[in-house]
Student: 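For reference, the structure I am asking about is given below.
Here is how names work: the chains are called A, B, and so on, in the same order as the sequence lines, proteins then strands, and each is numbered from 1.
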Protein chains: 2
Amino acid sequence: MAETPKSNLQLVAAKAGVSVSSVSRVLNGGSASEDLARKVREAAAELGYVPHASARTMRTGRTDQITLAVADVGNPVYVQMMRTVTGIVAKAGYRLVVSSTGSDPASQIDLVTSLNRGYADGLLMSPLRITEDLVEAMKSSRLPIVVIGTLPADVELDNVRADSATGIGLAVEHLVAQGRRRIALVNGPVDTVPGSARLAGYLAAIERYGLPTSSELQVTATAFTYRAGRKATAALLGQASPDAIIGANDLLAVAALKELAAAGVRVPRDTAVVGMDDTDAAELATPSLTSVDLGSAKRAKAAAKLLIRRIQEPDAPVSRIVIPPALSIRESTGGPA
Amino acid sequence: MAETPKSNLQLVAAKAGVSVSSVSRVLNGGSASEDLARKVREAAAELGYVPHASARTMRTGRTDQITLAVADVGNPVYVQMMRTVTGIVAKAGYRLVVSSTGSDPASQIDLVTSLNRGYADGLLMSPLRITEDLVEAMKSSRLPIVVIGTLPADVELDNVRADSATGIGLAVEHLVAQGRRRIALVNGPVDTVPGSARLAGYLAAIERYGLPTSSELQVTATAFTYRAGRKATAALLGQASPDAIIGANDLLAVAALKELAAAGVRVPRDTAVVGMDDTDAAELATPSLTSVDLGSAKRAKAAAKLLIRRIQEPDAPVSRIVIPPALSIRESTGGPA
DNA sequence: AACGTTCTTAAGAACGTTCCCAAACCCCTC
DNA sequence: GAGGGGTTTGGGAACGTTCTTAAGAACGTT
């Protein structure tokens, strides 16, 4: 390989015949005579000088990195968030470090404490499960953290949340308007933040419309994944015959679509299906999937901006932002092809 | 917030009543008397000491970070790679920095040179387009780079490549065995590495089986995305009536499925469809998608291991690994439901 | 009791940068 | 031509860690 020699300020200074501090000044846009600036720039270019990130961090305390922690890089809703956040963060001059934590609270606590190691200026996280310990760790962090998702009311941390309850309300309203009455829920684990929120929203909406609230219409997948969704839907179909199914996220809903197709049930004629998150997967499904847009892209965008603001103004008041849901109607509930 | 005080070795040393170097020694597992070790550990725990990453990097030259550069975080094949790499890399004690470069060569060159800033110990990249400049930049990098994808033969860099040509051969063989003869290709941009490889593989296979090689059977999408795939397939159907379509990746193939459905063409009865990459999207599609497994997970795994090895032994001989393809047969070519 | 050996601890340099502060220089005015 | 202001440049400390080197303590040997 055509080795680029390792270079530093000192070498550049020597080559240009000036002092180290002058090189630093020129390269960081400080005031300098034209002659000096030219010499420095030439020497730097010739040596292929690039500043050493850690050394700079040490001196300035800034890393120009932001960490995004997600439970599962394979979940399309996180993919959507990553895509959005990458853009925002890059525009503000930060690099994005993506960390896949799994759903385990312990590894998330690790992540939060390791933030104090100083390899990021801030943390963006969307925890699936929130424990007291995690909240404690987040509160005592020296570096800013913005949570994408719901937090207990008394926690003084910036956060951007969805409104699952209203979102499910939209789905139920839409289904009821089409004459559906036996509306089932294929949920993810209820000990997770989205899982519990969606169950509560479902129950509230069902009651509001005076629909049957049989426990046979509620099943819980072991995870928010396609595979778990297939199993849960199979169990559901074995114990009830719903005329509509709401999946707690798009993957579960797509799984329901596939399981219904395998069972010979026609969608939407016999059973309508609604997903949540309105990810790419909803559009790609066949039939395309009506889905509750919980604003994941907007949430990610708002959270990233919030974090960047807080890094710049650590003492700004705590913000809590709620992104309102919307319904994207597609074929799986009789919408346009 | 319950501020954790900022702590460093000096504070811990003062609290324990010992020297800074002793604290460092104890915490890094060097030899020390039991008494000293105990005092140090107590003081460290009490202050909630965590070592400062950049300071350590400065001294040791290691960052414990590995960067993975992908063109598009939304492409399921990259998602698959990310998932695999995250695991391998974490097990070896590295954090993963994911960088979304887009398909622009300039930003990839930026990335390579910025590697010399020293915020990662190595780079894993899967470039869509390879230019001379990019190759030059990669060759002159001081830090190890492993390329996932095909490189010009004379480039002395570790790389792990797929065998698209053989992969397409498998697809064509499978289709021909079912009596298909008008086999179309929905390709991505041909100025990309996968795009050109797939076109070449397609042409070779078509010729090998003595099939008609009409240019009307070949269309090129503007990108490897669903949306571009819909347009390209629509154009294809306007100019030819293929009895099979090969998509250059799963997203293009899913787009073809949807476009065929919209046109009232039955899959696989009228037209069979094959994708490439064998991602989650293939299984989730309806009908489920036969797909050429180009070993993306295996490639990512091999590349990550190669990079870790090279970081540890910079002078190891250059490795070129080829992962053989396989065919996952599903409903879209008449496979099992 | 003096000396050598081994083990434990401490002092201090170094990594590459930024930035405060002081030195050097230039130009103008009296 | 000496004094003053302003601008340009350089010296050197500091960030927090690791690691080399050396000093000191403890112990055994002659």
Student: Consider the side chain of T60(B), meaning its heavy atoms from C-beta on, and name the nucleotide among dT17(C), dT9(C), dT18(D) that approaches it most closely.
Tutor: dT18(D)

Student: Whole angstrom is fine here: how far is it from CG in D64(B) over to P in dT17(D)?
Tutor: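 These atoms are roughly 15 Å apart.
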
Student: At less than 3.5 Å, do the side-chain atoms of S21(B) and the base atoms of dA11(C) form a donor-acceptor pair?
Tutor: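 Indeed, a donor on one side and an acceptor on the other fall under 3.5 Å apart.
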
Student: Is there a side-chain hydrogen bond (donor to acceptor under 3.5 Å, both in side chains) between R25(A) and S22(A) once you walk through the steps?
Tutor: CA-CA 5 Å; R25(A) 205 156 8 84; S22(A) 291; 3.0 Å; yes

Student: Let me know the distance between CG of L11(B) and P of dC15(D), rounded to the nearest Å.
Tutor: 11 Å

Student: Determine whether a donor-acceptor pair (N or O, by modelled atom type, separation under 3.5 Å) exists between the side chain of S126(A) and the backbone of I148(A).
Tutor: yes

Student: Measure CE/M58(A) against P/dA14(C) and give the value in whole Å, please.
Tutor: 16 Å

Student: For L115(A) and T113(A): C-alpha separation, side-chain torsions, deciding distance, then whether side chain to side chain contact (heavy atoms under 4.5 Å, CB included) applies.
Tutor: CA-CA 5 Å; L115(A) 191 56; T113(A) 60; over 6 Å; no

Student: How do V20(B) and S22(A) order along DNA chain C: which one's closest nucleotide is nearer the 5' end?
Tutor: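 Nearer the 5' end of the strand: V20(B).
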
Student: Classify S24(B) by what it touches in the nucleic acid, base, sugar-phosphate, or nothing, heavy-atom distance under 4.0 Å.
Tutor: base

Student: Can you tell me which nucleotide in dG16(D), dT17(C), dT8(D) comes closest to the side chain of H52(A)?
Tutor: dT17(C)

Student: Nearest-Å distance, NZ (K6(A)) to P (dT17(C))?
Tutor: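 Distance check: K6(A) NZ to dT17(C) P gives 10 Å.
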
Student: Ignoring hydrogens and geometry, is there a side-chain-to-backbone donor-acceptor pair from S24(A) to S21(A) under 3.5 Å?
Tutor: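 Not a single qualifying donor-acceptor pair exists.
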
Student: When you measure from the side-chain N and O atoms of S31(A) to the phosphate of dT7(D), is any distance below 4.0 Å, counting only OP1 and OP2?
Tutor: no

Student: Would you mind reading off the distance between L9(A) atom CG and dC15(C) atom C1', rounded to a whole angstrom?
Tutor: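 Those two atoms, CG and C1', are 13 Å apart.
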
Student: Roughly how many Å is it from CZ in R59(A) to P in dT17(D), rounded to a whole number?
Tutor: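 After rounding, the gap between these two atoms is 16 Å.
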
Student: For Q80(B), is there any backbone N or O sitting under 3.5 Å from a side-chain donor or acceptor partner on T84(B)?
Tutor: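 Yes, the answer is positive, given that a donor and an acceptor are paired below the 3.5 Å cut-off.
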
Student: Among dG16(C), dA10(C), dT18(D), find the nucleotide with the atom closest to the side chain of A55(A).
Tutor: dG16(C)

Student: Of all the nucleotides listed (dA10(C), dT8(D), dT18(C)), which has the minimum atom distance to the side chain of V18(B)?
Tutor: dA10(C)

Student: Side chain of N28(B) only, heavy atoms from C-beta on: which candidate in dT17(C), dT18(D), dT17(D) is closest?
Tutor: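 The answer is dT18(D), which lies nearest to the side chain.
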
Student: For dT17(D) and Y49(B) - does any side-chain N or O of the residue sit under 4.0 Å from the phosphate oxygens OP1/OP2?
Tutor: yes

Student: Considering Watson-Crick and G-U wobble pairs with both distances under 3.5 Å, what does dG28(D) pair with?
Tutor: dC3(C)

Student: Does S33(B) put a side-chain nitrogen or oxygen below 4.0 Å from OP1 or OP2 of dT9(C)?
Tutor: yes

Student: Rounding to a whole Å, what distance do you find between L36(A):CG and dC26(C):P?
Tutor: 14 Å

Student: Which of the following nucleotides, dA11(C), dA14(D), dT17(D), is nearest to the side chain of R56(B)?
Tutor: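 Looking only at heavy atoms from C-beta outward on R56(B), the closest nucleotide is dT17(D).
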
Student: Expressed as a whole number of angstroms, how long is the span from N116(A):CG to dT17(D):P?
Tutor: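 Rounding to the nearest Å, CG of N116(A) and P of dT17(D) are 12 Å apart.
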
Student: Checking contacts here: which listed nucleotide (dT9(D), dG16(C), dT17(C)) is nearest the side-chain heavy atoms of A32(A)?
Tutor: dT9(D)

Student: For the pair E156(A) and K139(A), find out whether any cationic side-chain nitrogen is under 4.0 Å from an anionic carboxylate oxygen.
Tutor: no

